[in-house]
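Presented below is the structure to which this report refers.
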Number of protein chains: 2
Amino acid sequence: MNNCSQHNLTGMMTKFTSACRKADLKVTHQRLEIYRELAQAEDHPAAEMLYKRISKRLPTISLDTVYRTLATFEKHGLISRVPTLESQARFEAKMARHHHVVCSKCGSISDFIWSGFDETHLPAQVADWGKVTRKNIVLVGICAACAR
Amino acid sequence: MNNCSQHNLTGMMTKFTSACRKADLKVTHQRLEIYRELAQAEDHPAAEMLYKRISKRLPTISLDTVYRTLATFEKHGLISRVPTLESQARFEAKMARHHHVVCSKCGSISDFIWSGFDETHLPAQVADWGKVTRKNIVLVGICAACAR
DNA sequence: CATGCTAAAGATAATTATTATCATATCAAG
DNA sequence: CTTGATATGATAATAATTATCTTTAGCATG
Ligand SMILES: [Mn+2]
Ligand SMILES: [Mn+2]
Ligand SMILES: [Zn+2]
Ligand SMILES: [Zn+2]
């Protein structure tokens with residue numbers, strides 16, 4: 001788990017920049033740093049955590065900017081919010097289809113892929129409900145570290 | 001969707017009462033009302049929403065009691081918290097295995113069952129991560145009502 | 001490469017969601 | 001009915017997120 005090293009960062013940054021241009025979003029220093037930090041994070045950080053990490057390099061950034069920027073990115077489909085059981089929102093820049101395991105003890109979130117599931121058709125009753133845009137699996141359990 | 005009328009309420013209340021006794025939880029008026037309200041709700045209400053509904057019948061109840069009681073119930077496995085993308089926690093008393101569809105427009109949460117999925121084995125990599133206790137699917141999309 | 005328009009950032013404060021503290025009330029055992 | 005432990009309600013605190021408003025800085029244009 002979590003050993004799939006993220007696609008090359010420089011490539012992601014280039015794509016990010018052009019996506020901003022396309023979406024009429026200004027490519028600011030803050031946005032670049034927030035995106036970069038999230039893109040290289042493997043732990044699905046919350047806004048507060050991202051803020052702490054970015055502050056080291058960019059001490060003038062405000063927490064509010066992090067929140068607003070994440071919301072903007074999400075709206076434009078540049079990042080996504082991870083479904084969780086806690087009250088704090090968690091984010092990721094990895095947009096490739098994958099799923100999550102959450103440790104109910106330490107709150108860590110890890111990725112896993114399951115193409116077999118991705119290819120399966122949803123049960124018929126779901127079609128009546130409306131139009132599904134994302135299929136996420138959220139496993140909950142106790143990670144190896146927490147199980148000691 | 002959502003047409004599976006909840007198992008008979010009286011039965012749920014009886015089971016709830018004996019579960020409380022077994023767990024050394026006092027069977028208070030408030031706990032009964034909170035559980036009853038949640039058991040008959042089909043919409044996975046947040047604490048605030050439950051509070052509003054219960055207040056009509058029990059005007060002296062406090063929001064804090066609702067929060068504490070839900071936390072207690074959850075700890076004892078009497079109810080569960082629904083994974084969501086929003087910052088407000090949502091709950092349900094239905095403990096039978098099932099999954100959720102979330103409307104990203106109106107925030108409504110509906111149930112669906114998928115025994116085919118429930119019986120499938122998880123991919124091998126997950127076993128290395130730790131011990132999984134719950135497998136939830138969270139579909140995100142636009143419900144028929146919101147799609148107009 | 002200066003100028004000006006406009007979106008974005010930062011400071012500040014306000015909301016919203018949830019949790020803690022503590023005095024009083026209530027459950028349930030004897 | 002008395003008693004002792006627990007739960008509740010009042011109050012206040014904390015955590016998470018969002019709004020307002022002034023200043024700053026992308027970036028298009030000449
Ligand atoms: Mn992920
Ligand atoms: Mn449900
Ligand atoms: Zn853990
Ligand atoms: Zn809807």
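Each chain gets a letter, A, B and so on, in the order the sequences are listed, and its residues count up from 1.
Taking the salt bridge (Lys or Arg N to Asp or Glu O under 4.0 Å) definition, one finds that R57(A) meets it with E33(A), E37(A), sequence neighbours left out. Residues passing the salt bridge (Lys or Arg N to Asp or Glu O under 4.0 Å) test with R53(B), sequence neighbours excluded: D43(B). Evaluation of the ring pair (Phe, Tyr, Trp, His ring centres under 6.0 Å) rule for Y67(B) yields no partner, not counting sequence neighbours. Under the rule for a side-chain contact (heavy atoms from CB on, under 4.5 Å), the partners of S55(B) that lie at least two apart in sequence or sit in another chain are Y51(B), I61(B). Partners of V102(B) under the side-chain contact (heavy atoms from CB on, under 4.5 Å) rule, at least two apart in sequence or in another chain, are I109(B), V138(B). In terms of the side-chain contact (heavy atoms from CB on, under 4.5 Å) criterion, residue partners of A23(A) (sequence neighbours excluded) are, by chain and number, L25(A), H76(A).
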Each nucleotide in nucleotides 16-29 of chain D should get exactly one letter: B, S or -. Can you fill that in based on protein heavy atoms under 4.0 Å? SBBBB-----BS--
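Looking only at side-chain heavy atoms (C-beta outward), I79(A) and Y35(A) come within less than 4.5 Å of each other. Side-chain contact check for T69(A) versus Q30(A): every heavy-atom pair is 4.5 Å or farther apart.
One end of the helix from dC1(C)-dG30(D) to dG30(C)-dC1(D) points its axis 40° away from the other end's axis, with each axis taken from 5 pairs and the angle rounded to 10°.
A straight line from OH of Y51(B) to C1' of dA10(D) spans 11 Å, rounded to a whole angstrom. One atom, CG of L32(A), and another, C1' of dA8(C), lie 13 Å apart when rounded to the nearest Å. In this structure, R31(B) places its CZ atom 11 Å from C1' of dT26(C), rounding to the nearest Å. dT18(C) atom P lies 11 Å from atom CD of E86(B), rounded to whole Å. The CD1 atom of I34(A) sits 12 Å away from the C1' atom of dG10(C) (whole-angstrom rounding). Distance CG (L50(B)) to C1' (dT18(C)): 15 Å, rounded to an integer number of Å.
Contacts between residues 52-60 of chain A and DNA chain D, defined by a heavy-atom separation under 4.0 Å, are absent.
Sequence neighbours left out, not one pair with a member in residues 134-148 of chain B passes salt bridge (charged side-chain N to carboxylate O under 4.0 Å, His left out). The salt bridge (charged side-chain N to carboxylate O under 4.0 Å, His left out) analysis of residues 65-89 of chain A, with sequence neighbours excluded, yields the pairs D64(A)-R68(A), E74(A)-R81(A). Residue pairs meeting the ring pair (Phe, Tyr, Trp, His ring centres under 6.0 Å) criterion with at least one partner in residues 84-103 of chain B, sequence neighbours excluded, are H44(B)-H100(B), H98(B)-H100(B), H99(B)-F112(B), H99(B)-F117(B).
Here S62(A) does not reach the OP1 or OP2 of dA11(C): none of its side-chain N or O atoms lies under 4.0 Å away.
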